[in-house]
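Let me begin by presenting the structure, written as structure tokens, before commenting on it.
Just follow the structure's listing: the first ligand is 1, and inside any ligand the first atom is 1. The shown structure was predicted, so the numbers you read here are calculated from the model rather than taken from an experiment. The first residue in the sequence is number 1, and the count goes up from there.
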Amino acid sequence: MTVKLYKRDPYMFEFEATVTATDGDWVALDVSAFYPGGGGQGKDTGTVQGLPVHDLRAKDDILWHLIPGSPLQPGTRVWCSVDWERRYQLMRAHTAEHMLFSALQRQRPEMELVKISLEEGQKQLIVRGDLDWDLLLTVQDEVNQAVRENLSVLRSCLHRDDLDPEEVRVKMERIEGDEISVVEVGQDRVACSGIHVMETGEIEAFLIIRMASAGKDGTAIEFLVGEEATATALALANHALQAAEALGSRVEDLPRSARNAKERSESQRRALKQYARQVLAALPLEEVGDIKVRSGVLPMADRAELSEAAESIRSNGEVAVLLSVDDGISVVLAAPEDSSLDCKRLLQESLTPLGGRGGGKQCFSQGGVSRCDCAREILQSIMDGIRLS
Ligand SMILES: [Zn+2]
């Protein structure tokens with residue numbers, strides 16, 4: 001059996017132990033402060049006698065430490081060290097996660113906790129229930145208020161039969177054994193075997209940084225704690241000020257201004273597409289030598305629409321030179337089947353000097369450039385090519 005030091009003292013990160021058994025690269029110790037993960041909180045990392053611990057596995061009351069290439073033998077005394085900065089961040093995040101969900105449930109009692117994931121790079125919980133940014137701001141304020149109040153985080157042990165699901169948040173189906181560890185912060189009591197800080201003030205600051213769909217599971221809420229939360233909040237404030245300046249709006253009005261700008265841009269886009277369709281349907285006919293050509297530069301036409309129009313023009317025995325300007329320039333050059341015009345070569349010759357590319361068949365070629373400022377130049381070059389063919 002391994003004595004779990006993290007249960008007695010979550011703040012212990014260095015300890016001495018004796019190797020009790022080995023199994024390949026797995027090493028068992030008589031005592032260990034390494035947390036093997038659980039309750040959504042990631043496994044600890046660190047070293048045993050200076051050797052990095054790659055993984056942890058708890059089995060039959062024994063905690064196994066994966067140490068690839070380990071020379072350790074049973075009976076050896078070892079000095080062990082848990083990566084404290086990482087562990088402390090996860091402890092703070094775990095307590096904060098309890099406070100966040102509790103605040104969410106106070107606001108929306110029907111809220112359901114689906115999954116918790118607390119790792120060094122990403123701390124998030126997935127919930128099922130209606131969420132919006134105003135609600136998240138309210139619960140973020142509540143969590144930070146509880147951080148300022150520096151509430152005690154209490155841990156107690158209850159027998160399964162003494163546990164009242166009305167008073168303790170618990171998923172009975174996930175509980176193993178009769179002894180249940182309960183973590184209490186303010187009014188919130190949760191069955192949880194994870195590692196927590198002793199006082200909420202240790203969290204220092206709490207910031208929600210993302211709300212995104214988690215598919216059928218619900219919605220993910222990602223957050224930060226401590227100095228990472230403070231530094232990110234300050235950086236986000238600066239980004240918001242810059243965005244407000246760019247939109248000519250007050251920072252408080254940013255969400256509304258950004259939504260309006262997006263709607264405006266979408267409606268202009270729709271109007272331009274409509275216009276492009278009309279222009280495509282009425283391109284004038286030009287005679288270049290004995291070749292009949294319909295050409296045009298259109299704003300924001302789909303490549304598919306361009307191709308469709310080009311097909312229809314070439315099926316009438318005419319050449320189509322169609323360009324669309326959007327994020328870049330798309331070009332379609334098409335000629336009737338029996339034409340001697342080499343569309344592919346002509347398109348490549350026009351686009352290559354501008355850093356673009358083209359391909360396709362001799363009678364139907366498509367391509368483009370990533371710039372937006374050379375549509376007339378491309379059109380001119382293709383028309384010159386047709387004239388010389
Ligand atoms: Zn927990």
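Ring orientation note: the planes of Tyr11 and Tyr88 are tilted relative to one another, at an angle of 30° to 60°. Aromatic ring pairs are classed by plane angle as parallel below 30°, tilted from 30° to 60° and perpendicular above 60°; the pair Phe34 and His65 is perpendicular.
Counting only residues at least two apart or in different chains, side chain to side chain donor-acceptor pair (under 3.5 Å) contacts with residues 93-102 comprise Gln41-His94, His94-His98, Thr95-His196, Ser102-Arg106. Residue pairs meeting the side chain to side chain donor-acceptor pair (under 3.5 Å) criterion with at least one partner in residues 341-359, sequence neighbours excluded, are Arg345-Glu349, Ser350-Ser381.
Neither Val168 nor Val183 shares a network with the other; the hydrophobic side chains, linked directly or stepwise wherever heavy atoms of I, L, V, M, F, W or Y lie under 4.5 Å apart, form separate groups for each.
Listing protein N, O or S atoms at distances below 2.8 Å from the Zn ion (ligand 1), with waters left out, gives His94 NE2, His98 NE2, Cys192 SG.
Under a 4.5 Å side-chain heavy-atom cut-off, the cluster of Ile, Leu, Val, Met, Phe, Trp and Tyr residues that includes Leu236 is completed by Leu207, Ile209, Leu224.
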